[in-house]
Visitor: 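Questions regarding the structure given below will be posed in turn.
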Amino acid sequence: MTSPIKAALAAGESVGALWLGLGNPSVAEMAADAGPDCVIFDAQHGLWTRQTLEAGIGHVRGRVPALVRTADNTLNSINQALDAGAVGVIVPLVETAEEAAFAVAAAKYPPDGNRSAGGLRPIMNWKPYVASANSETLVGVMIETKRGLENARAIAATPGLDLVFIGTTDLALSLGVFPDNGPVHEAALMTILAACREAGIACGAFTGYAPLAALRRSHGFQMTVVADDGSLLHAHMKQAVARFRPGKPFSLAGRTALVTGANRGIGVHLVQGLLDHGVVRVYAAARDPASVNASDGRVVPLALDVTSSSQVRAAARQCRDVDLLINNAGVNFNTGLLVEGRDTYARREMEVNYFGTLAMTRAFAPVLKRNRGGILVNMLSILARQNLPAMGSLCASKAAALSLTQATRAELAAQKTHVVAVLPGAVDTDMTRDFQGPKVAPAQVAAEILDGLERGLEEIYPTEMAAGVATGLALDPQGTERMFQGFLPGPAVAARGGQ
Ligand code: 3PY
Ligand code: MG
């Protein structure tokens, strides 16, 4: 038995653990497949039985080092974890040097300690196992109480101890600073870290998610937890349910809508869809109102360039009955950010997609307020959430507009305006002429948008592509970014634009 974890910690390296509490051996196998430095089976708060722990460790053994956070500081708990094949134990709630010495002794065979001989896995490889177990088994104790903190130096100096692992949540509870933690908690962590440094042993801290684990690593904590199975599953389940669950349903019938960019692309179909849903009027805005199809008497063509503040103000004065504003006008020059001589394109995209949306929002917020809050819809793109470098500046402008949408939702909540972000994938319009991948007909996208509006969604992801990317971003944001990086063509595609 070798313990690369013990060696790594002794060499001053940092390790990131996956924490397993669900008690499911198959989840342990998935955790090992993810390739962490080690996995920690939580036998204190986790759902492991002796049988499932034995099976779980069997699934990961030989691939990833398995540690067990024991149920408690007893001979039995520590022995059973090691008998199951763990390369080390982390013993909870240790408060004194005597308790730490008890844990060390329980993890070592005589004459060094009082571990009892037995267990299927040790016996399978009996003589070599016993010969190396005492020196290679990692023994860690958890400091996670005020009393443990007070005794940190004595605990860390316990002979045979390899690691102090801080139970950050219990420590916060014990110090009376849960859940905000703050400076008292931070100082306690640093005190324990310093005690471990003085004693020449490793110090770890429970973190629970990767960015915090990386931060703690930078502080010198050598063992952190990058994720735990229960929280991962629960968080993803919750957000999946929330994404699908409708909000307060809205009826489109009887509304007065204003759609910008109404003469082409999705805009044309939004206007038609709204008419089909029974709106009483649609102001169909375009820079050239003659280009708008006004064959239905409810369509009112409106001359509007969203980058012209005077035209935007005039529209808000004229269209005082609007209770559904769809900021659909947009421009895409299909250009990478660093393409020589394309600076004006990036500015133009910001002007239309971001500042145009902002101007319309400002001008129409009072109109919507007068009309019982109404609905404000911003046509963004899934590329607002993930940059596609081939059209890098378009994505930056859409990301800015998404951020604007979030702020708007908060600012207009008091006047009961329902603010919606629409984030479609590739739609078959003039703007995507150069895009070779699968594109969805704008009529279908418009129908998907109107369905989402009626269901009261705050974020609508039309097209299967957008739904897939949104899921990829939730599950694996870095993998999604790398995938999009791969779509960058050699020479920049020809520039095209249009509002
Ligand atoms: C704590 O934070 O208290 C722990 O024991 C980690 O699970
Ligand atoms: Mg704890």
Side-chain angles (χ1 to χ4, degrees), residues 5 9 14-24 27-28 31 36-48 53 56 66-74 77-78 81 86 88-96 99-100 102-103 138-152 155-156 161-182 184-193 195-196 202-217 219 221-235:
I5 285 299
L9 293 179
S14 302
V15 297
L18 282 172
W19 188 271
L20 300 173
L22 289 179
N24 187 314
V27 175
D37 297 318
C38 64
V39 293
I40 301 176
F41 292 80
D42 179 10
Q44 184 195 16
H45 292 295
L47 305 180
W48 299 101
L53 183 68
L67 303 171
V68 173
R69 193 263 287 269
T70 59
D72 51 28
N73 189 7
T74 60
S77 296
I78 294 170
V89 286
I90 299 176
V91 179
L93 293 165
V94 166
E95 299 197 297
T96 64
E99 289 175 11
F102 181 93
L138 179 138
V139 187
V141 297
M142 296 187 71
I143 292 182
E144 46 186 347
T145 60
K146 192 164 178 287
R147 186 156 168 245
L149 169 66
E150 282 158 9
N151 292 323
I155 292 171
L161 189 68
D162 303 301
L163 166 76
V164 168
F165 190 74
I166 304 174
T168 46
T169 308
D170 273 324
L171 185 60
L173 286 167
S174 177
L175 294 174
V177 297
F178 179 84
D180 299 327
N181 297 358
V184 171
H185 189 257
E186 198 64 20
L189 262 62
M190 295 307 151
T191 300
I192 299 169
L193 178 62
C196 291
C203 188
F206 185 85
T207 45
Y209 45 100
L212 184 59
L215 182 72
R216 290 295 179 208
R217 177 176 58 189
H219 296 162
F221 292 94
Q222 286 181 256
M223 181 181 283
T224 50
V225 175
V226 298
D228 78 271
D229 55 357
S231 305
L232 276 183
L233 263 179
H234 186 223

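Order of appearance sets the numbers: ligands from 1, and atoms from 1 within every ligand.
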Visitor: With a cut-off of 4.0 Å, which atoms of ligand 1 are near a heavy atom of Met142?
Guide: 4 (C), 5 (O)

Visitor: Please write down residue, atom name and distance for the protein heavy atom closest to atom 3 (O) of ligand 1.
Guide: Asp170 N, 2.9 Å

Visitor: Which distance, rounded to the nearest 0.5 Å, do you find between the OG1 of Thr207 and the CG of Leu215?
Guide: 9.5 Å

Visitor: Which of the numbered atoms in ligand 1 are under 4.0 angstrom from any heavy atom belonging to Phe206?
Guide: 6 (C), 7 (O)

Visitor: Apply the side chain to side chain contact (heavy atoms under 4.5 Å, CB included) test between Ile40 and each candidate in Leu18, Val68, Ile90; give the one that qualifies.
Guide: Ile90

Visitor: I'd like to check whether Gln44 has a polar contact with ligand 1, where a contact means an N/O of the residue lying under 3.5 Å from an N/O of the ligand.
Guide: no

Visitor: So does His45 have more than 12 non-hydrogen atoms from other groups sitting under 6.0 Å from NE2?
Guide: yes

Visitor: Would you check if Val94 and Phe102 make a side-chain contact, meaning some heavy-atom pair closer than 4.5 Å?
Guide: no

Visitor: Could you label the plane-to-plane angle of the Phe206 and Phe165 rings as parallel, tilted or perpendicular, counting under 30° as parallel and over 60° as perpendicular?
Guide: perpendicular

Visitor: Side-chain contact, heavy-atom cut-off 4.5 Å: Leu233 with Val27?
Guide: no

Visitor: Only N/O/S atoms count here: what is the atom of Glu144 closest to the Mg ion (ligand 2) called?
Guide: OE1

Visitor: Write out the residue and atom name of the closest protein heavy atom to atom 2 (O) of ligand 1, then the distance separating them to 0.1 Å.
Guide: Thr169 N, 2.8 Å

Visitor: Measure the shortest side-chain to side-chain distance between Ile192 and Leu171 over non-hydrogen atoms and say whether it is less than 4.5 angstrom.
Guide: yes

Visitor: At a 4.0 Å threshold, what atoms of ligand 1 neighbour a non-hydrogen atom of Thr168?
Guide: 1 (C), 2 (O)

Visitor: Is any side-chain heavy atom of Glu144 closer than 4.5 Å to one of Leu93?
Guide: yes

Visitor: Looking at Glu144, which atoms of ligand 1 are within less than 4.0 Å of one of its heavy atoms?
Guide: 1 (C), 3 (O), 4 (C), 5 (O)

Visitor: If I apply the N/O under 3.5 Å rule, does Trp19 come out as touching ligand 1?
Guide: no

Visitor: Name the closest protein heavy atom to atom 7 (O) of ligand 1, giving the residue it belongs to and the distance to 0.1 Å.
Guide: Arg69 NH2, 3.4 Å

Visitor: Which atom, among the N/O/S set of Asp170, is closest to the Mg ion (ligand 2)?
Guide: OD2

